[in-house]
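See below for the structure under consideration.
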Amino acid sequence: MARVTLSKIQKSYGSVKVIEGLNLEIEDREFVVLVGPSGCGKTTTLRMVAGLETASGGSVHIGEREVTNLRPGLRNCAMVFQNYALYPHMTVRDNIGYGMRVRGVPEAERRAAIDKAARILGLEPYLHRKPRHLSGGQRQRVAIGRAIVRDPHVFLFDEPLSNLDAKLRIEMRAEIKSLHQRLATTIIYVTHDQVEAMTLADRVVVMNAGRIEQAADPITLYDAPANRFVAGFIGAPSMNFLDARLEQRGEGLVVVLSDGSAHAVPADRAARLAAETGRPVVLGIRPENTGAAADDGGSVLSVSNVEPLGPHTLAIGTLAGAPVTVQLEAHARPKIGSTVPVAFDMSKMHVFDSDTGIAIR
């Protein structure tokens, strides 16, 4: 297996710079997920590791080797694509073993490798079937099997679950995570789905406009986002953002929203935020850290939509002039057009600089 190092990687298409000066180190046997909105550069980065895109600058190392200018076949990476890329006229066995046959691997060795991959992936009953006779999840397992038999240093996954339905996506997530634990190999995985990223990764790399906004384990990203972009991207539903001002009142510090409502800052945060007193900031609060208040003495949500989700209900609307989602108890059914007094768990609050969007700790 191998460590992957990207040093000052750049990618341009003519005069358009897609990625500029990206640095990333992926440890041996680490499962790293690149996540971000469409067009952020995550797939381009993956393809530069694979050799399917040529870097415009910088270097790529796999293990101790620099592979920046090596063709894909010499990098010992195996890529699993979104569309499976299976040969429809071949059986599962032949699809898995095709690359080995092309490379002239002896038949006995080839058969042993295919049987091992099929056993790992639960494909043994399907080895004689054609792809058209398989479900989407089974086809994806065949594509993964084809990668496994290469015995690569690095596995590369490019949105492999995006063509599957919701139930299959959950099942395949579990299979891919289990596969990583069994093979103990380095995996770089690309997705636009932040839930997928959070459930699979040892470390999540959040990308935006060709740069890394933050790279950390999933819980750190959730609890301590580096900036407003990461805070809004990680978590479902997204974090609420409200324009606010920090003010000193009595012995304590409060966050005052644009509607005049005030929320007390916990004592352990007040000392660290005291330097921001009087300045405009952005208060971030996740829907799961909100709820219905006992009275309407504070912030009030004007309800425009209600989403019953079983374990809880989401009330969506406007609060202090901003779009806000509030999590209510399961059987709450506020009427559209009504108002709901809202309480914030300020021990879970986030504060961001109103100009730069950087988190203020």
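For the numbers below, each heavy atom of this structure counts, side chains included, while hydrogens, waters and symmetry mates do not. Just so it is clear, the structure is predicted and the values come from calculations on it, not from any experiment.
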| request: Quick one: do Ser162 and Gln82 satisfy side chain to side chain donor-acceptor pair (under 3.5 Å)? Show the steps, please. | output: CA-CA 7 Å; Ser162 59; Gln82 175 181 342; 3.1 Å; yes
| field | Any Val351 side-chain heavy atom under 4.5 Å of Leu273 side chain | value | yes
| Lys/Arg-Asp/Glu bridge criterion (N-O < 4.0 Å) met for Asp193, Arg169 | yes
| query | Would you find a donor on one side and an acceptor on the other, under 3.5 Å apart, between the side chain of Thr186 and the backbone of Ala2? | reply | yes
| Shortest non-hydrogen separation from Leu242 to Ala320 and the atoms involved | CD2-CB, 4.1 Å
| message | With side-chain contact (heavy atoms from CB on, under 4.5 Å) as the criterion, how do Met239 and Ile285 come out once you've worked through the C-alpha distance, each side chain's angles and the decisive distance to 0.1 Å? | response | CA-CA 6 Å; Met239 185 182 288; Ile285 194 82; 5.7 Å; no
| request: Apply the test side-chain contact (heavy atoms from CB on, under 4.5 Å) to residues Asp217 and Asp202: give CA-CA distance (whole Å), side-chain angles for both, the deciding distance (0.1 Å), then the verdict. | output: CA-CA 6 Å; Asp217 65 274; Asp202 296 326; over 6 Å; no
| task | Measure the spacing between CG of Asn163 and CG of Leu161 and express it to the nearest 0.5 Å. | result | 9.5 Å
| said: Under 4.5 Å between side-chain heavy atoms, counting indirect links through other Ile/Leu/Val/Met/Phe/Trp/Tyr residues: same cluster for Tyr87 and Val149 or not? | reply: no
| Can any side-chain N or O of Asn240 pair as donor or acceptor with the backbone N or O of Arg286 at less than 3.5 Å? | no
| request: Keeping the roles fixed (side chain from Arg361, backbone from Ala224), state whether a donor-acceptor pair exists under 3.5 Å. | output: yes
| said: Taking Met349 as the starting point, is it possible to reach Leu221 by hopping between hydrophobic residues whose side chains are less than 4.5 Å apart? | reply: no
| message | Do His312 and Glu307 make a side-chain contact, defined as non-hydrogen atoms from C-beta onward lying under 4.5 Å apart? | response | no
| Side-chain heavy atoms of Thr318 within contact of Leu301, under 4.5 Å | no
| Should the pair Glu213-Arg211 be classified as a salt bridge under the 4.0 Å nitrogen-to-oxygen rule? | yes
| query | Counting only N and O atoms by type, is there a donor-acceptor contact under 3.5 Å from the side chain of Ser302 to the main-chain atoms of Thr339? | reply | no
| query | Residues two or more places apart in sequence or in another chain: which of them pass salt bridge (charged side-chain N to carboxylate O under 4.0 Å, His left out) with Glu247? | reply | Arg249
| field | Nearest atoms (heavy-atom pairs only) where Ala147 meets Val80 | value | CB-CG2, 3.9 Å
| query | Counting only N and O atoms by type, is there a donor-acceptor contact under 3.5 Å from the side chain of Thr220 to the main-chain atoms of Ala216? | reply | no
| Could Glu175 and Arg141 be called an ion pair, given the rule that one side-chain N must be under 4.0 Å from one carboxylate O? | yes
| Do we get Arg146 above Tyr98's six-membered ring, with its NZ or CZ under 6.0 Å from the centre and within 45° of the axis? | no
| Non-hydrogen side-chain atoms of Glu196 and Val33 separated by less than 4.5 Å | no
| Cluster link Leu314 to Phe344, ILVMFWY, side chain under 4.5 Å | no
| Residue Asp243 excluded, over 12 heavy atoms near CG under 6.0 Å | no
| task | Would you give the length of the straight line joining atom CD of Gln181 to atom CZ of Arg29, rounded to the nearest 0.5 angstrom? | result | 13.5 Å
| query | Which value, rounded to the nearest 0.5 Å, describes the distance between Tyr13 atom OH and Ser56 atom OG? | reply | 8.0 Å
| field | Minimum heavy-atom distance Arg203-Ile26, with the two atoms named | value | NH2-CA, 3.8 Å
| task | Using a strict 4.0 Å threshold on nitrogen-to-oxygen distance, state whether Arg279 and Asp353 make a salt bridge. | result | yes
| message | Could you check whether any side-chain heavy atom of Ile360 comes within less than 4.5 Å of a side-chain heavy atom of Glu276, counting everything from C-beta outward? | response | yes
| query | Taking atom types as modelled, is there a side-chain donor on Thr43 or Arg47 under 3.5 Å from an acceptor on the other? | reply | no
| said: The criterion is side chain to side chain contact (heavy atoms under 4.5 Å, CB included); which residues satisfy it with Glu329, sequence neighbours excluded? | reply: His331, Ala332
| Minimum heavy-atom separation for Glu66 to Ser59, with atom names? | OE2-CB, 3.6 Å
| said: With rounding to the nearest 0.5 angstrom, report the CG to CZ distance, Leu52 to Arg71. | reply: 12.5 Å
| field | Backbone of Thr68 reached by a side-chain donor or acceptor of Arg75 within 3.5 Å | value | yes
| If only atom types and distance count, is the side chain of Thr325 paired as donor or acceptor with the main-chain N or O of Ile316 below 3.5 Å? | no
| query | Which residues satisfy the ring-ring contact (aromatic ring centres under 6.0 Å, His included) test with His350, sequence neighbours excluded? | reply | none
| field | Closest approach of Gly284 to Phe241 (non-hydrogen atoms, all atoms of both residues) | value | CA-CD2, 4.2 Å
| query | So, for Val265 and Ala270, which heavy atoms are closest and what is the spacing to 0.1 Å? | reply | CG1-N, 3.8 Å
| field | N/O donor-acceptor pair under 3.5 Å between Gln138 side chain and Ser135 backbone | value | yes
| said: Grouping I, L, V, M, F, W and Y whenever their side-chain heavy atoms are under 4.5 Å apart, do Ile114 and Leu134 come out in a common cluster? | reply: yes
| request: Would you indicate whether Lys130, at its atom NZ, is surrounded by more than 12 heavy atoms from other residues, nucleotides or ligands within a distance under 6.0 Å? | output: yes
| message | Within the structure provided, determine whether Met207 and Thr45 are in side-chain contact (heavy-atom separation under 4.5 Å). | response | yes
| query | Going by heavy atoms in the side chains, are Ser338 and Val303 under 4.5 Å from each other? | reply | yes
| message | Distance check, rounded to the nearest 0.5 Å: His61 atom NE2 versus Ser7 atom OG? | response | 6.5 Å
| query | Side chain of Thr313, backbone of Ala330: donor and acceptor closer than 3.5 Å? | reply | yes
| message | With side-chain contact (heavy atoms from CB on, under 4.5 Å) as the criterion, how do Val342 and Leu319 come out once you've worked through the C-alpha distance, each side chain's angles and the decisive distance to 0.1 Å? | response | CA-CA 9 Å; Val342 176; Leu319 188 153; 4.0 Å; yes
| field | Check against salt bridge (Lys or Arg N to Asp or Glu O under 4.0 Å), Asp223 and Lys348 | value | CA-CA 8 Å; Asp223 286 341; Lys348 302 291 178 64; over 6 Å; no
| message | Could you check whether Arg150 makes a cation-pi contact with Phe155, meaning its NZ or CZ is under 6.0 Å from the centre of the six-membered ring and within 45° of the ring axis? | response | no
| said: Tell me if a side-chain donor or acceptor on Asn95 pairs with a main-chain N or O of Thr91 at a distance below 3.5 Å. | reply: yes
| query | Any link between Leu123 and Met100 through a network of hydrophobic side chains (Ile, Leu, Val, Met, Phe, Trp, Tyr) touching at under 4.5 Å? | reply | yes
| Below 4.5 Å, heavy atoms only, C-beta onward: do Leu257 and Leu283 meet side chain to side chain? | yes
| request: Take Leu24 and Ile212 through the side-chain contact (heavy atoms from CB on, under 4.5 Å) test and state the conclusion after the steps. | output: CA-CA 9 Å; Leu24 179 63; Ile212 294 174; 4.2 Å; yes
| message | Can you classify the ring geometry of Tyr189 versus Phe31 as parallel (below 30°), tilted (30 to 60°) or perpendicular (above 60°)? | response | tilted
| Distance from Thr191 atom OG1 to Met198 atom CE, nearest 0.5 Å? | 13.0 Å
